[in-house]
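In what follows, a single structure is set out as structure tokens and then discussed.
In what follows, chains are A, B, ... by sequence order, proteins preceding strands, each numbered from 1.
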Number of protein chains: 2
Amino acid sequence: MNKPARKARSGARRSVTIKDVARYAGVSPMTVSRVVNGGQYVSDPTRQTVLQAVRQLGYSPNLAARNLASARGERLGLLYGNPSASYLSEFLVGALDAATRHGVQLVLEKCELTPAASRRAVRRLVAGGVVGVVLPPPLCESAVIRAELQAARMRIVAVAAGRPPADAMCVSIDDFEAAREMTRYLLALGHQRLGFVKGHPNQTASDQRWHGFVAAVQEHGGLPPPRVEQGFFTFRSGLDAARKLLATEPVPTAIFASNDDMAAAVMAEAHRRVLEVPNDLTVVGFDDSLIAANIWPGLTTIHQPIAQMAGEAVDMLVTAVRGGRRGGGGGAELVHRLVAHELVARESAARPRTATA
Amino acid sequence: MNKPARKARSGARRSVTIKDVARYAGVSPMTVSRVVNGGQYVSDPTRQTVLQAVRQLGYSPNLAARNLASARGERLGLLYGNPSASYLSEFLVGALDAATRHGVQLVLEKCELTPAASRRAVRRLVAGGVVGVVLPPPLCESAVIRAELQAARMRIVAVAAGRPPADAMCVSIDDFEAAREMTRYLLALGHQRLGFVKGHPNQTASDQRWHGFVAAVQEHGGLPPPRVEQGFFTFRSGLDAARKLLATEPVPTAIFASNDDMAAAVMAEAHRRVLEVPNDLTVVGFDDSLIAANIWPGLTTIHQPIAQMAGEAVDMLVTAVRGGRRGGGGGAELVHRLVAHELVARESAARPRTATA
DNA sequence: CCCTCGGTTGGTATCGCTACCATGTGCCCG
DNA sequence: CGGGCACATGGTAGCGATACCAACCGAGGG
């Protein structure tokens with residue numbers, strides 16, 4: 001038998017259980033459990049004793065057992081769509097990390113944006129015993145998917161939706177504020193003739209960014225009207241927009257694209273026209289996706305703490321699911337959490353040539 | 001009691017347990033367990049019946065219960081280093097998917113390449129009860145990390161190491177063959193003056209790709225000696241290499257960079273010199289990373305089925321761990337699995353201007 | 001013909017923890 | 001003064017799966 005082998009290996013392994021702590025503290029396992037889980041009906045002296053024992057013995061609860069007993073081995077789903085978003089990598093890291101911390105399982109499911117595909121994906125999730133779902137962009141914008149999920153009684157957290165949907169929890173940065181900040185940055189550099197490439201019209205974040213841009217322009221005042229083109233968050237659409245923006249005089253001295261892919265496209269088109277970035281043209285983006293640091297010159301952009309956001313989303317889901325099971329039925333508190341963004345200045349933005357410092 | 005209420009509501013909710021499957025298949029839970037875990041003492045008819053039931057009911061074992069009962073910390077680790085590799089995203093998707101399929105938990109751990117950091121990361125993994133680790137590049141090349149892991153008796157699968165390490169399982173594409181294929185492709189287009197940007201010298205894949213390139217050049221024969229520069233897989237290093245390659249006459253008509261980031265850098269530098277790609281210069285890369293399709297012109301490159309490779313790695317780990325525990329001690333079969341690559345032709349490669357078709 | 005033996009099954013205990021109920025205090029209120 | 005209520009605690013019964021052993025069964029050897 002290989003039992004002896006196991007024994008030998010484990011030696012150091014065997015962990016201290018709740019019973020050990022209970023015995024050590026001279027109370028029942030139940031009391032220990034209550035203390036550890038922040039239960040309410042424990043007297044303060046007892047609590048201190050137990051906490052002491054926990055520290056002394058280095059007790060750490062067995063996740064598997066806890067999950068099993070509390071039937072909280074909940075699975076969470078992560079529905080992802082367009083994987084071109086270099087988002088996904090960081091997003092997954094953050095989400096998985098949080099999931100591991102909470103001891104919940106994370107199930108991935110790919111999903112196109114068509115109703116049929118959504119339905120299929122949701123069905124697969126339900127079949128997999130998933131009780132809550134994280135929705136990264138652009139799926140978080142799809143009312144169809146949200147409705148489908150809601151019908152299956154899933155909890156939902158939308159990540160990085162520009163405007164929080166009314167029917168789901170949400171974690172995002174303040175797209176409006178971030179765009180305003182970036183625009184102010186451009187204005188502070190001395191730019192006057194601005195160009196803007198809008199994002200995909202069916203993502204609410206696009207609006208927020210656009211409005212932030214407009215707000216900054218208006219509060220500054222006295223500028224020639226900015227040139228605006230519609231984009232769709234793809235490199236290709238950025239190229240088209242850039243072509244139009246750069247074709248007609250007077251050419252903008254700074255172009256703010258609603259995401260990095262489009263900003264990269266603007267830079268590519270600028271190069272084609274032998275405009276040097278940033279000396280002849282300043283280009284800034286949004287997202288701080290992988291491409292931002294991997295092109296030359298590096299792209300000045302807005303950094304979103306994607307991993308953190310994904311993690312928070314999972315946290316929210318876990319508390320919602322657990323609290324929901326515990327607390328009275330359906331008391332759906334729809335939290336909306338904002339996290340901090342950051343303007344990352346790289347090489348693609350500079351004072352305009354004609355700046356009147 | 002709210003039990004009835006739960007029952008009523010649950011219908012779709014309540015996950016199916018091993019007992020349900022057993023009842024459905026008309027056998028005991030034990031037998032189901034044996035089938036699911038690939039146990040040996042099950043007759044074929046019984047096995048089929050059970051598998052059928054599993055599929056019908058959509059059964060998926062409860063991780064918590066399994067871990068608790070078997071005390072088998074069946075967690076797998078994924079040690080990732082340099083996340084600049086846009087690799088990570090797809091890699092995670094594949095790995096997580098496989099992990100979910102097998103019902104094992106995947107624990108992520110970030111790890112720098114220094115010995116100290118490796119030691120710390122491994123310690124964290126051990127503390128987390130991890131029994132096997134997936135090593136994506138570039139970590140799979142680090143003998144230090146492998147040694148560290150092996151000392152902790154972990155199973156290891158290295159992914160995309162150019163040359164399989166002697167002491168670990170491995171899944172990769174045939175870098176040599178892929179590079180040779182790409183080079184033949186360039187030669188077939190009519191290119192004669194070739195440039196090559198080598199990859200980071202401490203990754204064995206770099207060698208393989210370089211040798212594949214050389215092999216194709218030699219088997220073709222009668223070419224001027226190719227121009228070669230050392231790169232380090234970073235955009236920056238690609239820029240430096242491109243500068244040198246394009247500075248001295250005669251300029252190559254095609255440049256093969258050992259990865260996409262460097263290829264993108266070559267393209268950027270070409271643009272700066274007002275060389276049009278692909279008309280004035282053909283550029284090809286390797287990896288088919290996100291950037292390849294998101295620049296203009298699109299990069300002709302070698303596609304690696306990253307997600308699939310990651311999935312296979314997890315599969316191998318699972319069978320190794322389960323088989324290893326069961327089967328006689330230490331019969332470490334070090335499998336090395338090759339998966340198919342694919343040459344993806346986009347717009348960055350064309351016949352040279354001076355081609356003598 | 002019985003007994004052993006290897007392949008195949010089912011029963012039972014148990015993993016570590018928590019839900020749930022019972023119990024036991026002290027205290028206020030009717 | 002007894003019932004009720006808010007706290008504080010302990011006991012018991014599982015959660016879903018596997019380990020381990022017992023039981024069965026057909027075949028072959030003594």
Side-chain angles (χ1 to χ4, degrees), chain A residues 1-7 10 13-23 25-50 54 57 59-75 103 105 129 322 325-327, chain B residues 1-3 6 10 13-23 25-50 54 57 59-74 102-105 129 321-322 325-326:
Chain A
M1 308 290 119
N2 52 2
K3 198 53 174 301
R6 173 137 79 94
K7 184 71 174 294
S10 63
R13 272 292 178 96
R14 170 120 183 84
S15 56
V16 347
T17 78
I18 200 172
K19 279 187 192 166
D20 300 326
V21 178
R23 203 169 14 239
V27 297
S28 83
M30 266 319 302
T31 304
V32 177
S33 172
R34 270 188 282 257
V35 170
V36 171
N37 294 293
Q40 22 194 355
Y41 293 110
V42 185
S43 70
D44 215 56
T46 313
R47 167 170 278 122
Q48 292 312 322
T49 315
V50 172
V54 166
L57 272 51
Y59 167 71
S60 133
N62 180 323
L63 251 181
R66 170 182 289 186
N67 286 343
L68 180 56
S70 54
R72 112 211 317 191
E74 317 288 8
R75 280 135 115 112
Q105 198 176 353
R322 296 197 178 152
R325 249 188 340 102
R326 201 178 305 268
Chain B
M1 311 282 117
N2 56 358
K3 205 58 173 296
R6 174 134 81 92
S10 66
R13 268 292 174 104
R14 175 125 185 78
S15 64
V16 348
T17 78
I18 201 170
K19 280 186 191 166
D20 300 325
V21 179
R23 202 170 14 239
V27 298
S28 82
M30 264 322 299
T31 305
V32 176
S33 172
R34 272 187 282 257
V35 170
V36 171
N37 295 292
Q40 20 197 353
Y41 290 112
V42 185
S43 70
D44 215 55
T46 311
R47 166 171 277 118
Q48 291 313 320
T49 315
V50 172
V54 166
L57 272 50
Y59 167 72
S60 130
N62 179 320
L63 231 184
R66 171 181 284 181
N67 284 344
L68 180 55
S70 59
R72 93 183 7 167
E74 202 149 86
H102 289 293
V104 304
Q105 197 176 353
V321 168
R322 300 211 171 136
R325 248 191 340 107
R326 204 173 301 271

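Mapping A:Ser28 and B:Val32 onto DNA chain D via the closest heavy atom, the residue that lands nearer the 5' end is A:Ser28. Where B:Val42 and B:Ala65 each meet DNA chain C at their nearest nucleotide, the meeting point lying more 5' is that of B:Val42.
Per the geometry, CD1 belonging to B:Ile18 stands 11 Å off P belonging to D:dG16, to the nearest Å. Remark: P of D:dG16 and CG of B:Leu68 are 12 Å apart, rounded to the nearest angstrom. Going from atom CE of B:Met30 over to atom C1' of C:dG10 covers 9 Å, rounded to whole Å. Rounding to whole angstrom units, CD of residue B:Gln40 and P of C:dG7 are separated by 9 Å. When rounded to the nearest whole Å, the span between CG of B:Leu63 and P of D:dC15 equals 19 Å. In this structure, CG of A:Asp44 is placed 15 Å from P of D:dC7, rounded to the nearest angstrom. Rounded to whole Å, atom C1' of C:dT23 lies 15 Å from atom OH of A:Tyr41. B:Arg34 places its CZ atom 15 Å from the P atom of D:dA17, with the value rounded to the nearest Å.
Checking the phosphate oxygens (OP1, OP2) of C:dC17, no side-chain nitrogen or oxygen of A:Asn67 falls inside 4.0 Å. Within the 4.0 Å cut-off from OP1 or OP2 of C:dC15, not a single side-chain nitrogen or oxygen of A:Asn62 is found. Considering only side-chain N and O atoms, A:Thr31 lies under 4.0 angstrom from the phosphate OP1 or OP2 of D:dG10. At the phosphate of C:dG16, neither OP1 nor OP2 sits under 4.0 Å from any side-chain N or O atom of A:Arg66. Considering only side-chain N and O atoms, B:Ser43 lies nowhere under 4.0 angstrom from the phosphate OP1 or OP2 of C:dT8. At D:dA17, one or more side-chain N or O atoms of B:Tyr59 fall inside 4.0 Å of OP1 or OP2 (strictly under the cut-off).
Considering only side-chain atoms of A:Thr46, the nucleotide from C:dG16, D:dT9, C:dT18 that sits closest is D:dT9. The B:Asn37 side chain lies nearest to D:dT18 when the options are D:dT18, D:dA8, C:dT18. Looking at the side chain of B:Val27, the nearest of the listed nucleotides C:dC15, C:dG10, D:dC7 is C:dG10.
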Practice task
Kindly determine whether B:Arg66 and B:Val36 satisfy side chain to side chain contact (heavy atoms under 4.5 Å, CB included), including the steps that lead there.
Solution key: CA-CA 12 Å; B:Arg66 171 181 284 181; B:Val36 171; 3.7 Å; yes

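A donor-acceptor pair is defined here as one N or O able to donate and one able to accept, closer than 3.5 Å; such a pair exists between the side chain of A:Asp20 and the backbone of A:Thr17. A donor-acceptor contact shorter than 3.5 Å is absent between the side chain of B:Ser33 and the backbone of B:Pro29.
When heavy atoms are screened at a 4.0 angstrom cut-off, A:Pro61 is found touching the sugar-phosphate backbone but no base atom.
Proximity of B:Val27 to B:Val32: side-chain heavy atoms (C-beta onward) are separated by under 4.5 Å at one or more points.
Listed here is the closest heavy atom pair of A:Arg47 and A:Val35: CA-CG2, 4.1 Å.
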